[in-house]
Amino acid sequence: MNRVHQQPPVALTIAGSDSGGGAGIQADLHTFAAHGVHGTSVLTAVTAQNTRGVTAAEAVSEELVRAQLDAVLADFPVAAAKTGMLGGVRLLELVAEYGQDDRLPNLVVDPVMVTTTGDSLYAGDPAAYLGGLGPLSTVLTPNLIEAQLLLGRAIATVEDMREAARALATYGPRAVLVKGGHLERGDAAVDVLWCDGQMLDLAAPRVATRNDHGTGCTLASAIAARLALGHPLPQAVAGAKVYVTEALKAAADWHLGTGPGPVHHHHGRKSAAL
Ligand SMILES: Nc1ncnc2c1ncn2[C@@H]1O[C@H](COP(=O)(O)OP(=O)(O)OP(=O)(O)O)[C@@H](O)[C@H]1O
Ligand SMILES: Cc1ncc(CO)c(N)n1
């Protein structure tokens, strides 16, 4: 038997740490593990954060980010990568440099700028995202607020989301997923995917829960995990959305923290405690 098939594919997350464990690098590594993918990580920032918000944040130096990227990429067959919090233009440009050298295959770019609790995680010009990482992205995954910041216009309806996805695609990503988690209307959570010239609406039942911390990170890393496993792009995105919906459902009754808590990344597995 070919031993190569007995080992997990490798995915890489380039993101910040959430001390509360619901978003950021922690959510990404949980998601990779839940998909049976080996997770490697490049830490870009450390945040002091819980379910109520971010109380402090500090960027990792460019030298240390570069050293982490070099260490991982020199030794692991990274099949897909994902960016989350980059903090500002300097780390964004550094990551773009690796992308330009074709060292970040199947790159999912989650343009993290503000948390749902309103804390800023990006001090820089939103346009730098499109210029720096747009052409290198396999999928760009802005939420409503990020899409508005990237395009400088209001987005209020699903039709606006479709127009935004088309407009963002002109900056070079192969696909754009505009997420509608913050469009609190109706009983569906609708995202729109512009992929290879086609528009798809991805709808899921809206889960009645306050525990939605880290859903964006979880979705982006589930897409990366599925790309690492060899799923074709639209199926990887659709499957990742189902995974997030199930993770939201499974954690709906949790009371972890007093604010919006984390989702259940390992909902497919029985825990000894539950
Ligand atoms: N209550 C919900 N029920 C079902 N799906 C949801 C719900 N809230 C969010 N989603 C889905 O979760 C995914 C992430 O969307 P969202 O717009 O919340 O991202 P985000 O703002 O980047 O997340 P966060 O900043 O909390 O990590 C999308 O697929 C969205 O449709
Ligand atoms: C570190 C980190 N990255 C991303 C997000 C967005 O959810 C967050 N809250 N914290």
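As the structure is a prediction and not an experimental result, all values here were calculated from the model. Each ligand, and each atom within it, is numbered from 1 in the order the structure gives.
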### Task
Could you walk me through whether Leu140 and Leu130 pass side chain to side chain contact (heavy atoms under 4.5 Å, CB included), step by step?
CA-CA 9 Å; Leu140 180 70; Leu130 297 175; 4.0 Å; yes
#### Entry: Proximity flag Gly214 to ligand 1, non-hydrogen atoms under 4.0 Å
yes
### Message
Side chain or backbone, does Gln49 bring an N or O within less than 3.5 Å of an N or O on ligand 2?
### Response
yes
### Summary
Honestly, for Ile25 the part within reach of ligand 2 (heavy atoms, under 4.0 Å) is neither
### Query
Is the count of non-hydrogen atoms from other residues, nucleotides or ligands lying under 6.0 Å from Arg162 atom CZ greater than 12?
yes
### Query
Can an N or O of Lys179 be found at a distance shorter than 3.5 Å from an N or O of ligand 1?
yes
### Task
Flag yes if more than 12 heavy atoms outside Asp187 fall under 6.0 Å of its CG atom; otherwise flag no.
no
### Ser17 heavy atom under 4.0 Å from ligand 2
yes
## Note on the structure
min-distance protein heavy atom vs atom 14 (C) of ligand 1 -> Thr215 OG1, 3.6 Å
### Query
Tell me: protein heavy atom nearest atom 3 (N) of ligand 1, and distance?
Val207 N, 2.8 Å
### Query
What's the shortest distance from atom 4 (C) of ligand 2 to any protein heavy atom, and which residue and atom give it?
Cys217 SG, 3.6 Å
### Query
Does ligand 1 have any atom that is closer than 4.0 Å to a heavy atom of Cys217?
yes
### Message
Measuring from atom 20 (P) of ligand 1, which candidate in Thr245, Asn211, Thr141, Asn143 has the nearest non-hydrogen atom?
### Response
Asn143
### Task
Can you figure out which of Thr209, Asp191, Thr218, Leu202 has its heavy atom closest to atom 28 (C) of ligand 1?
Asp191
### Task
Distance to 0.1 Å, residue and atom name: give those for the protein heavy atom nearest to atom 11 (C) of ligand 1.
Lys241 NZ, 4.2 Å
### Query
Against heavy atoms of Asp212, which atoms of ligand 1 measure under 4.0 Å?
26 (O)
### Query
So do Leu150 and Pro111 actually touch side chain to side chain, heavy atoms under 4.5 Å?
yes
### Query
Closest non-hydrogen protein atom to atom 26 (O) of ligand 1, residue and atom name please, with distance?
Thr116 OG1, 3.1 Å
#### Entry: Backbone of Met85 reached by a side-chain donor or acceptor of Thr44 within 3.5 Å
yes
### Query
Which protein non-hydrogen atom lies closest to atom 21 (O) of ligand 1, naming both residue and atom, and how far is it?
His182 NE2, 2.5 Å
### Query
Purely on distance, is any nitrogen or oxygen of Gly181 under 3.5 Å from one on ligand 1?
yes
### Message
With a 4.0 Å cut-off on N to O distance, would you call Lys179 and Asp110 a salt bridge?
### Response
yes
### Message
Checking side-chain polar atoms at under 3.5 Å, does Arg52 have a donor or acceptor matched by the opposite partner on Thr258?
### Response
yes
### Task
Assess Gly216 for proximity to ligand 2: is some non-hydrogen atom of it under 4.0 Å away?
no
### Query
Which one of Thr115, Asn50, Asp18, Thr218 satisfies the side-chain hydrogen bond (donor to acceptor under 3.5 Å, both in side chains) criterion with His213?
Asp18
### Selection from Leu121, Val114, Asp18 by shortest heavy-atom distance to atom 8 (C) of ligand 2
Leu121
#### Entry: More than 12 heavy atoms of other groups within 6.0 Å of Glu159 CD
yes
### Heavy-atom neighbours of Asp253 CG exceed 12 at 6.0 Å
no
### Query
Can you tell me which residue and heavy atom of the protein come closest to atom 10 (N) of ligand 1, and the distance to 0.1 Å?
Leu248 CD1, 4.0 Å
### Summary
Judged by heavy atoms only, the candidate from Ala208, Ala220, Gly216 nearest atom 23 (O) of ligand 1 is Gly216
#### Entry: Interfacing atoms of ligand 1 (cut-off 4.0 Å, heavy-atom, Ala189)
4 (C), 5 (N), 6 (C), 31 (O)
### Query
Is it true that the side chains of Asp28 and Thr31 contain a donor and an acceptor less than 3.5 Å apart?
no
### Summary
To atom 4 (C) of ligand 1, the nearest of Ala240, Pro205, Ala204 on a heavy-atom basis is Pro205
### Query
Would you call Lys249 and Glu246 a salt bridge, using N to O less than 4.0 angstrom?
yes
### Task
Give a yes or no on this: more than 12 heavy atoms of other residues, nucleotides or ligands lie within 6.0 Å of atom CD of Glu62.
yes
### Task
Determine, stepwise, if the pair Tyr171 / Val176 fulfils side chain to side chain contact (heavy atoms under 4.5 Å, CB included).
CA-CA 10 Å; Tyr171 292 88; Val176 178; over 6 Å; no
### Query
Can you list the atoms of ligand 2 that are under 4.0 Å from a heavy atom of Thr115?
9 (N)
#### Entry: Heavy-atom nearest neighbour in the protein, as seen from atom 3 (N) of ligand 2, with distance rounded to 0.1 Å
Gly24 CA, 3.7 Å
### Query
Would you say Thr40's side chain and Ala11's backbone share a donor-acceptor pair under 3.5 angstrom?
yes
#### Entry: Under 4.0 Å to a heavy atom of Val244 - the qualifying atoms of ligand 1, by number
12 (O)
### Task
Using non-hydrogen atoms of the residue, decide whether Leu219 is closer than 4.0 angstrom to ligand 1.
yes
